[in-house]
Amino acid sequence: MSSANLTREETAARAAVIHLDTVDIDLDLRSAPDAAESTFRTRATLTFTARAESTWIDFIGAAVDAVVVNGVEQGVDWDGARVSVAGLRTAASTTNTVTIVATGRYSTSGEGLHRFRDPVDGETYLYTQYEPADCRRVYPCFEQPDMKARWRFTVTAPAGWQVLSNGAETRREPVDGGVRTRFAETLPLSSYITAVAAGPYHRVDGTHHGAAGEIPLGVLCRASLAPHLDADEILDITRRGLTFFEEAFDFPYPWGTYDQIFVPEYNLGAMENPGLVTFTEAYVFRGASTAAQHEARANTILHEMAHMWFGDLATMRWWDDLWLKESFADYMGTHAAAAVGGFPDAWVSFATRRKGWAYTQDQLPTTHPIVADIPDLEAAKLNFDGITYAKGASVLKQLVGFVGEDAFFRGAQRYFADHAYGSTTLPDLLSALEQASGRDLRSWSAAWLQTTGVTELRAERTADALELTVSTVRPDRVTVGLYVERDGRLVRRVGLATDITAERTALTGAALEDVVLIVPNDDDRTYAKVRLDDASTDAVARGLSTIDDALARAVVWAALWNAVRDGILPAQQYVGIVARHAPSETDAALLTEAAARAAFTIAHFAADGDRSALAAQWLETAWNALQHARPGSDAQLIWARTVGAAASVSAERAPDLRAILAGAAPAPEGLRLDPDLRWAWTVALSATGHADDADIAGELAADDTASGRVAARTARTARPDAAVRAAAWNDAWTDATLTNDHLDATIAGVRAGGRRDLIAGFDDDYYARILPAWRSRSIEIARRLVIGLFPASPSLDAADAWLRDHPDAPGALRRLVIEQRDGLARDLRVRAAQPSR
C-alpha cells in the first residue's frame, strides 16, 4: 500500500502522541497566471506537544525543500507523501515548532489547489478542495479529522485579485508582483475543511444580523458568469437558514464571515469549508432553470450551512462516522428547505432523488452500514455515497418521528454544547439524544445504523383482510394509504398506521370494498422498497397522475421504478406508464426523474430486440409533450431536455432539431433556446451523425465559454465514427492534460448514443488499463475512468476474470469494479426476464 493511503490505526496512534495547537500557512500564488508555471511555494509552521520523539507530517507535491524542527534544520526525509520529523521534545510542558518549506503543484483534477483559465477573458481562478485528504496537496499538515488546530493563513497573489480563506481578512500589503493578504486566526478546525480561493472573482456583499452580532456575507463567481448570478436569492436563503439553524441548535454561527463561492470544474455539489463554502458552477444558471433546480440549490446551500455545526463544530473522529456529518446535513438541508427555505415540497424531491440513490446503493454487493468500517483513506473517498448521505438522512427522518422533533433538537443542542470544537463518535450523539428524549436508542441504532440492506414492504389483501409484510424486521412505524376511484381519479380514502414488530402485521379497521390501490408508506416516512400488488399496479397505470398528493405520487413512481429494476415490471409497460402520466406530472422533480428513468430503462433493461422501437416511441412521447407543454413552463423545459437525451439514441426528429437550431423552423412558443439546450440538441445530432464539425464550430463560436468548450468536446467525440471514438478512448486514458471536466466530456462522447458497436473492441483494453491508471492517476480521475468506461459487455466473463486474477488490487478499485459488474449483471438479468413481444 502506498504511504499516501493513511490507515485508521496509524492515524489514531499519531493522535495519541501528538496534540496539535496552531498551524501557520504561507502560500505564494503569484505564479498562477503563467500557464507555463505548474508549481507554487508553500510553507507550513506547526506547533504541538508530543509524547514521541518522532512522527510524520503529510505532504504530496513537487518537492520538500527544507524541514526545520525547533530551530534546527534537518535533512529532508520525504517519500512523496510523508515528511519524517525527529528530535521532538517530549516533556509535557514544552512545545515543538516544525516548519516545512515545500513546492506544491497546481491541480486540474479538482483535488488540492485547482487552477482554471477562463476562455472568455483569459483570467485565472484558483480554489481548494480537500475532503477527505487533499489538504496535503497544498500545504504540509496532519491529515486526519481528529487533529484540529487554530489556523493562520497568509496568501500572496497577483494584485487586483479576490483572496479568501476561512478567517476574516485582517491586512493587505503590496509586495513585488502582487499583494500579501493575512487572515484572522480560526477557531479549531480539521485540515480537510480549511480553504483558500483566489482570482478576479465577481463579488456581491451582504450582511446578516446573527445571534452573536453581524455576519458579513459574500457571494462570488467568475467575472464572466456575473450576469447570471442571482445573488439576491442566494443571500435571502442564506439569511433565513442562518436564523433557523442558530435558533434550532441554540448555538450562534461560530465562524465569523460567511462567503459562498461558485467555482469552475468542481467535483462535488458543494463543500462546507467554514466561512468559505465552495459550490459547483452548475448552480449558476446560465439559461432557463426549473423550480426543481432552484430547490436543489437551496437544499445544497442549507445542507452546507448545517455542516457549520454538524461536521465543522463537532467533527467525527475518523471517517467511520462520516455519517455524523453527512447524514445530518442531508436531513437538515431538506428539513430547512421545507421549513424556511421557500420550498415546502422539498420532501417530495428527497423521496424521489435522494432515496432513489440510497435504494440503488443499498442493493449493491458493496453496501455497508450507515456507521461504516473505514480502514483507510481510499475507502473513505468511496464512502461519500448514497448510504452515508441519503440512507442516513432517511433513517434520521424516522428518528425524528421516533423521539419527536422537539427532543431531537434538544439533543442536538446538548451535543454541540458538550462537543464544540472537538471530535466525536456515534455514542456521543446517541447519549445526547437519549438524555433529551428519555428513550433508549441502542436497539434502534443497532437495527438501522449498523445493518445493511433495503427492507421490502408490501400489503397483501384477501377478501376481508389486509396484512403488511416486511422482509426485515426493524423498529418502525408505517402508514398504508388506501385509495378508491372517483370520477376517474385516485382518491385517498384513509391511511392506516401501524408499528412494525414482526414480519407480518394485520391492519385493523381496513374497509377494503372499492379499494383499487394500496400504497404502503405513502407518506414516505420509512426507508423501504415498496411493492405494489397487481391490482394496485393496474390502478396506477390508469390513474397515477390523478393522485393529488405529490409525496404519495413520489412513493408510487419509486415503487414502479424499483419493480422495473428488479425485473418484476416489464420495461415496455413501465415506459408506457411514464409516457401516459409524465406529461401530466406537475412536480418538476418527479417529472425530471420519471423522464430520466424511462430513458435508462430503454438503454439498460429493454430486450435487445425491442430497444430501437422503444427508443423511437419514447422520442415521440417527449416530442409531443414538448409541443403541448405550457409555454415557458418548467415542464416545457424538462421535455426539451428530454428530447435532447432521446434524440441521441433515435434520429427520427433530427431534421426538426436541425431546423429549429438553424432558425429555419420556430421553436415551441415560450421555449428559450439558451446555450445549454442548444448544446444538448447538438450533441444528440452529432451522436446520430446529423451534425458535423462545422455545426459544432458554429455553436462554439456563439458560446466560446468554459461550458461551451466542454460541450463541444462531447459533441466532437460523440460522432458515430469508429475512428473518432477510438481516438477519444485513447485520449481518455493517456492524455494527462485533460482537466476533470474535459475528461468527463470525452467519456460522455465515447458512450454517446449507446453505440456499443463502436467501442466493443476496447473491452480487453479496459481491463488492461484500470490497474495502471489507479496507480498512476489521482483517485478522482481514476474513479471517473473506471466507472465511465466500464464495458457494457454481453456477459460477465471479463469482469469476473479480472476480479479473480486481481485479488490483491487496491480495495477501493475492486469495490468500483464489483459495483459496475453488479450493474451489468442486473442489466443482463432484467433483459433476460422481459416477455417476448
Side-chain angles (χ1 to χ4, degrees), residues 2-4 6-7 10-31 39-105 112-113 130 133-156 165 167 171 173 175-176 180 182-186 188-192 194 196:
S2 164
S3 69
L6 299 170
T7 70
E10 62 187 347
T11 55
R14 180 167 64 175
V17 297
I18 301 292
H19 179 76
L20 184 59
D21 183 19
T22 64
V23 181
D24 285 84
I25 300 297
D26 195 329
L27 295 175
D28 188 343
L29 307 179
R30 285 174 288 183
S31 63
T39 63
F40 57 91
R41 301 290 290 170
T42 178
R43 183 179 68 193
T45 299
L46 303 90
T47 64
F48 53 90
T49 58
R51 292 194 290 115
E53 294 183 352
S54 63
T55 189
W56 82 91
I57 295 170
D58 304 294
F59 180 70
I60 298 174
V64 173
D65 305 303
V67 178
V68 180
V69 179
N70 296 322
V72 178
E73 186 164 354
Q74 296 185 350
V76 174
D77 182 359
W78 177 57
D79 66 0
R82 305 185 187 196
V83 182
S84 297
V85 293
L88 299 177
R89 302 165 181 156
T90 58
S93 59
T94 59
T95 297
N96 293 279
T97 301
V98 175
T99 297
I100 298 176
V101 180
T103 304
R105 287 192 179 94
L113 181 60
Y130 296 154
D134 288 319
C135 177
R136 56 190 170 154
R137 295 181 184 275
V138 184
Y139 30 84
C141 63
F142 290 114
E143 189 74 282
Q144 56 191 90
D146 58 340
M147 294 184 69
K148 292 188 170 185
R150 291 175 287 117
W151 297 73
R152 296 184 288 256
F153 283 88
T154 300
V155 180
T156 304
S165 186
R171 182 181 175 187
E173 55 186 354
V175 296
D176 183 32
R180 178 175 291 120
R182 302 181 189 275
F183 296 90
E185 180 180 275
T186 72
L189 289 176
S190 303
S191 59
Y192 79 91
T194 61
V196 171

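Please read these numbers as outputs of a predicted model, since none were measured by experiment.
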With rounding to the nearest 0.5 angstrom, report the OG1 to CZ distance, T186 to F153.
7.5 Å
Please report the shortest heavy-atom distance between V23 and A149, naming the atom on each side.
CG2-CB, 3.8 Å
Quick one: which residue pairs count as a side chain to side chain donor-acceptor pair (under 3.5 Å) with a foot in residues 48-57, not counting sequence neighbours?
W56-D58
Any side-chain heavy-atom pair from V196 and L27 closer than 4.5 angstrom?
yes
Other residues, nucleotides and ligands only: do more than 12 of their heavy atoms fall within 6.0 Å of CZ on R105?
no
Roughly how far, to the nearest 0.5 Å, is the CZ atom of R180 from the CZ atom of R30?
6.5 Å
Using a strict cut-off of less than 4.0 Å between a Lys/Arg side-chain nitrogen and an Asp/Glu carboxylate oxygen, indicate whether R41 and D65 qualify as a salt bridge.
yes
R89 versus N70: any side-chain heavy-atom pair under 4.5 Å?
yes
Between A50 and I18, what is the shortest heavy-atom contact and its length?
CB-CD1, 3.8 Å
Can you name the one residue among K148, R150, R152 that meets salt bridge (charged side-chain N to carboxylate O under 4.0 Å, His left out) with D21?
R150
One pair to check against side chain to side chain contact (heavy atoms under 4.5 Å, CB included): L113 and T42. What are the steps and the verdict?
CA-CA 11 Å; L113 181 60; T42 178; over 6 Å; no
Within the distance-only criterion (no hydrogens, no angle test), does the side chain of N96 pair as donor or acceptor with the backbone N or O of V98 below 3.5 angstrom?
no
Check the angle between the aromatic planes of W78 and F59 and answer parallel, tilted or perpendicular using the 30° and 60° thresholds.
tilted
Sub-3.5 Å donor-acceptor pair from the side chain of R136 to the main-chain atoms of S191, do we have one?
no
Side chain W151, main chain T194, donor-acceptor under 3.5 Å
no
How long is the gap from OG1 on T47 to NE2 on H19, to the nearest 0.5 Å?
9.5 Å
For the student: nearest non-hydrogen atoms of Y192 and P145, plus distance:
CE2-CB, 4.0 Å
Counting distance only, does the side-chain N/O of Q74 pair as donor-acceptor with the main-chain N or O of A86 below 3.5 Å?
yes
Looking at every non-hydrogen atom in both residues, tell me the closest pair between I25 and P140 and how far apart they are.
CD1-O, 4.5 Å
Would you call R137-D134 a salt bridge at under 4.0 Å N-O?
yes
Going from CG on D28 to OG1 on T103, what distance comes out if it is rounded to the nearest 0.5 angstrom?
10.5 Å
Tell me which one of T22, D24, T99 satisfies side-chain hydrogen bond (donor to acceptor under 3.5 Å, both in side chains) with T45.
T99
For G87 and V69, which heavy atoms make the closest approach, and how far apart are they?
O-CG1, 4.3 Å
Using every non-hydrogen atom in the two residues, find where D146 and Q144 come nearest and quote the distance to one decimal.
OD1-NE2, 2.9 Å
Minimum side-chain heavy-atom gap F142-T11 below 4.5 Å:
no
